[in-house]
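Note that the numbering runs from 1 along the sequence shown for the chain. Computed from a prediction, not measured in an experiment: that's the story for all the values here. Only this structure's heavy atoms are used, side chains among them; waters, hydrogens and symmetry mates stay out.
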Amino acid sequence: MVQQNNLTKFATISLPAIAAALSLSGCSTFSSKQAEPEQGPVVARTIEEGAPAVTAKMAAARQALGQMVALQDRLYRIAGPLLINNADLCRTQARNLLGFTAKNKYSYSGEFVDAAQAVLNYGDRLEVASVLPGSGAARVGLRKGDVLLAAEGKSLPTGPHAETEAAGVLGPLVANNQTLNLIVERNGSNQALKVPVTRACAFKIDIGNSDNINAYSDGQRVMITRGMVNFAQTDEAIAYVLAKDIAHNVLGHAAKTRSAYTVGSIIDNLVAVRPDVSMLIGTAGIKPMPQELDAAADSLSLYMVARAGYSTAQARAFWQRLANQYPASVLNGYTANHPAVNYRLAVIDKTVAEIKGKQAAKKPLVP
């Protein structure tokens with residue numbers, strides 16, 4: 001399932017209301033200033049003239065933002081089937097969602113405002129940043145880059161607070177309707193789209209801008225670090241990690257271990273394009289996950305993986321490789337926070353066998 005000045009959640013997105021309103025994964029951001037006077041949606045794009053010379057700092061910001069957005073887009077694509085196909089397993093955390101995220105240049109701060117304009121072509125108006133595969137938004141053809149003009153006849157806000165103000169408009173509409181009538185601007189012309197809402201797990205999915213090999217969940221959000229993405233490499237392996245932390249959220253483990261505040265602070269920090277990595281010194285205040293809770297999340301996550309269409313066959317090998325290369329002695333690594341490797345692997349073996357048997361017998365994949 002981004003706050004202003006942070007790179008997005010689904011990513012991104014960051015406010016809970018936004019996640020619920022716009023993103024299937026709780027990954028959608030909306031904020032803006034006061035809504036414009038009531039009038040018909042207009043096509044308006046401002047082109048700035050006499051742009052300043054690109055400094056080394058600006059060039060670095062553009063590169064950093066481009067790389068982070070590319071990783072976030074990949075996470076959304078992988079997370080889509082996990083969030084949509086497991087809505088019934090997410091219990092009370094399932095919501096009616098539109099399945100897209102939206103941003104404008106004010107979603108960023110400092111030199112990243114320039115980067116958002118230069119790399120992403122963002123202006124004052126909210127633009128679709130990503131569309132979750134399999135969502136109602138994807139089915140009706142909503143596209144990345146579409147400018148959001150109006151919803152159910154109401155003009156959507158623009159400017160510095162567009163994300164949060166749009167969430168206030170869209171949230172109630174999505175919660176109480178099966179479809180949402182949107183007006184978007186695409187290629188210089190207005191288009192009307194009737195977007196079906198999608199029932200999905202309402203967790204925000206974020207990329208963490210750090211190189212430690214880890215993933216985090218605070219009950220509402222899931223974050224996988226850049227380092228973990230690089231280690232996992234394949235979409236399937238990334239799905240194992242995402243599903244594991246989605247399962248921790250579903251099972252309420254952040255509350256049970258009283259770690260929601262600590263982990264939430266780490267997520268808040270690492271979603272920034274330039275986080276304070278000194279926060280990750282030592283254990284970062286995170287206590288190891290109890291083996292019974294960890295194994296329960298492993299079991300549920302494998303069912304989620306299978307229901308999403310990913311194979312569970314390589315799950316054991318992935319987690320074993322991770323533990324071998326980054327053992328518990330590596331602070332701020334995944335195994336340090338999840339040290340009961342042998343116990344977990346035994347549960348993984350049992351669960352994979354259960355799933356294989358149910359698939360062969362054509363039985364429902366329900367834990």
Side-chain angles (χ1 to χ4, degrees), residues 1 24-25 74-91 93-94 132-134 199-201 203 205 213-217 222-225 227-253 289-327 333-335 337-367:
M1 36 243 241
L24 280 174
S25 57
R74 186 183 182 193
L75 288 191
Y76 291 162
R77 176 174 55 78
I78 297 170
L82 291 171
L83 298 169
I84 295 172
N85 294 2
N86 291 298
D88 57 327
L89 296 186
C90 282
R91 306 171 186 175
Q93 293 107 326
L132 200 62
R199 195 74 174 171
C201 304
F203 299 121
I205 308 296
I213 316 298
N214 218 331
Y216 305 91
S217 51
V222 168
M223 170 182 283
I224 178 171
T225 65
M228 178 64 89
V229 170
N230 292 336
F231 173 82
Q233 296 185 346
T234 68
D235 287 1
E236 186 175 84
I238 293 170
Y240 296 154
V241 181
L242 290 174
K244 176 70 181 295
D245 275 276
I246 290 172
H248 277 305
N249 281 347
V250 171
L251 297 172
H253 289 168
M289 182 70 67
Q291 66 177 15
E292 293 82 6
L293 300 186
D294 224 1
D298 280 310
S299 181
L300 177 58
S301 72
L302 289 168
Y303 274 92
M304 290 181 160
V305 165
R307 289 160 60 105
Y310 297 106
S311 172
T312 61
Q314 297 301 313
R316 186 191 209 281
F318 168 76
W319 293 115
Q320 182 72 73
R321 177 169 67 91
L322 177 60
N324 290 344
Q325 294 188 30
Y326 296 92
Y334 189 90
T335 310
N337 296 345
H338 306 266
V341 177
N342 291 334
Y343 186 88
R344 290 180 54 222
L345 291 177
V347 171
I348 288 171
D349 287 340
K350 179 181 178 181
T351 305
V352 169
E354 285 179 3
I355 291 172
K356 186 176 180 180
K358 290 180 179 181
Q359 288 173 326
K362 300 188 183 304
K363 293 182 178 180
L365 292 181
V366 179

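In plain terms, the two heavy atoms of S217 and N249 that are nearest each other are CB-OD1, 3.3 Å. Nearest heavy atoms, S301 versus A247: N-CB, 3.9 Å.
Residues Y310 and L82 have side chains in contact (heavy-atom distance under 4.5 Å, counting atoms from C-beta outward). You'll find the side chain of N85 stays beyond 4.5 Å of the side chain of M304, heavy atoms only. When side chains are defined from C-beta on, D298 counts as touching K244, because their heavy atoms get closer than 4.5 Å.
Residues satisfying the side-chain hydrogen bond (donor to acceptor under 3.5 Å, both in side chains) criterion with N342, sequence neighbours excluded, are absent altogether. Scanning for side chain to side chain contact (heavy atoms under 4.5 Å, CB included) contacts around R321 gives F231, F318, Q325, with sequence neighbours left out. Contacts of Y334 classified as ring-ring contact (aromatic ring centres under 6.0 Å, His included), with partners at least two apart in sequence or in another chain: W319, H338. Legend: residues meeting side chain to side chain contact (heavy atoms under 4.5 Å, CB included) with V352, ordered by chain and number and at least two apart, are L302, T312, I348. In this structure, D245 has no salt bridge (Lys or Arg N to Asp or Glu O under 4.0 Å) partners at least two apart in sequence or on a different chain. Looking at residues two or more places apart in sequence or on another chain, you find a side chain to side chain contact (heavy atoms under 4.5 Å, CB included) between V347 and A295, S299, Y343, T351. Under the side-chain hydrogen bond (donor to acceptor under 3.5 Å, both in side chains) criterion, R307 pairs with N86, D88, not counting sequence neighbours.
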### Query
Going through the distances and angles, do L75 and V229 end up as a side-chain contact (heavy atoms from CB on, under 4.5 Å)?
CA-CA 9 Å; L75 288 191; V229 170; 4.2 Å; yes
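We find the NE2-CG distance between H248 and L300 to be 10.0 Å, quoted to the nearest 0.5 Å. In this structure, CG in L83 is found 11.5 Å from CD1 in I78, a value given to the nearest 0.5 Å. For the atom pair CZ (R199) and CD1 (I84), the distance works out to 13.0 Å, reported to the nearest 0.5 Å. With rounding to the nearest 0.5 angstrom, the CG atom of L345 is 5.0 Å from the CD atom of Q320. If you take CG on L322 and CD1 on I213, they are separated by 8.0 Å, rounding to the nearest 0.5 Å. Rounded to the nearest 0.5 angstrom, T335 OG1 and N214 CG are separated by 8.5 Å.
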Please set out all donor-acceptor pairs under 3.5 angstrom arising from side-chain atoms of residues 235-243, sequence neighbours excluded.
| from | atom 1 | to | atom 2 | distance (Å) |
| --- | --- | --- | --- | --- |
| D235 | OD1 | R74 | NE | 3.1 |
| D235 | OD1 | R74 | NH2 | 2.8 |
| D235 | OD2 | R77 | NH1 | 2.6 |
| D235 | OD2 | R77 | NH2 | 3.3 |
| E236 | OE1 | Y240 | OH | 3.2 |
| E236 | OE2 | S311 | N | 3.4 |
| Y240 | OH | S311 | O | 2.8 |
| Y240 | OH | Q314 | N | 3.4 |
| Y240 | OH | A315 | N | 3.4 |

Please list every donor-acceptor pair under 3.5 Å in which a side-chain atom of residues 353-367 meets a protein atom from a residue at least two apart or in another chain.
| from | atom 1 | to | atom 2 | distance (Å) |
| --- | --- | --- | --- | --- |
| E354 | OE1 | Y303 | OH | 3.1 |
| K358 | NZ | Y303 | OH | 3.1 |
| K358 | NZ | V366 | O | 2.7 |

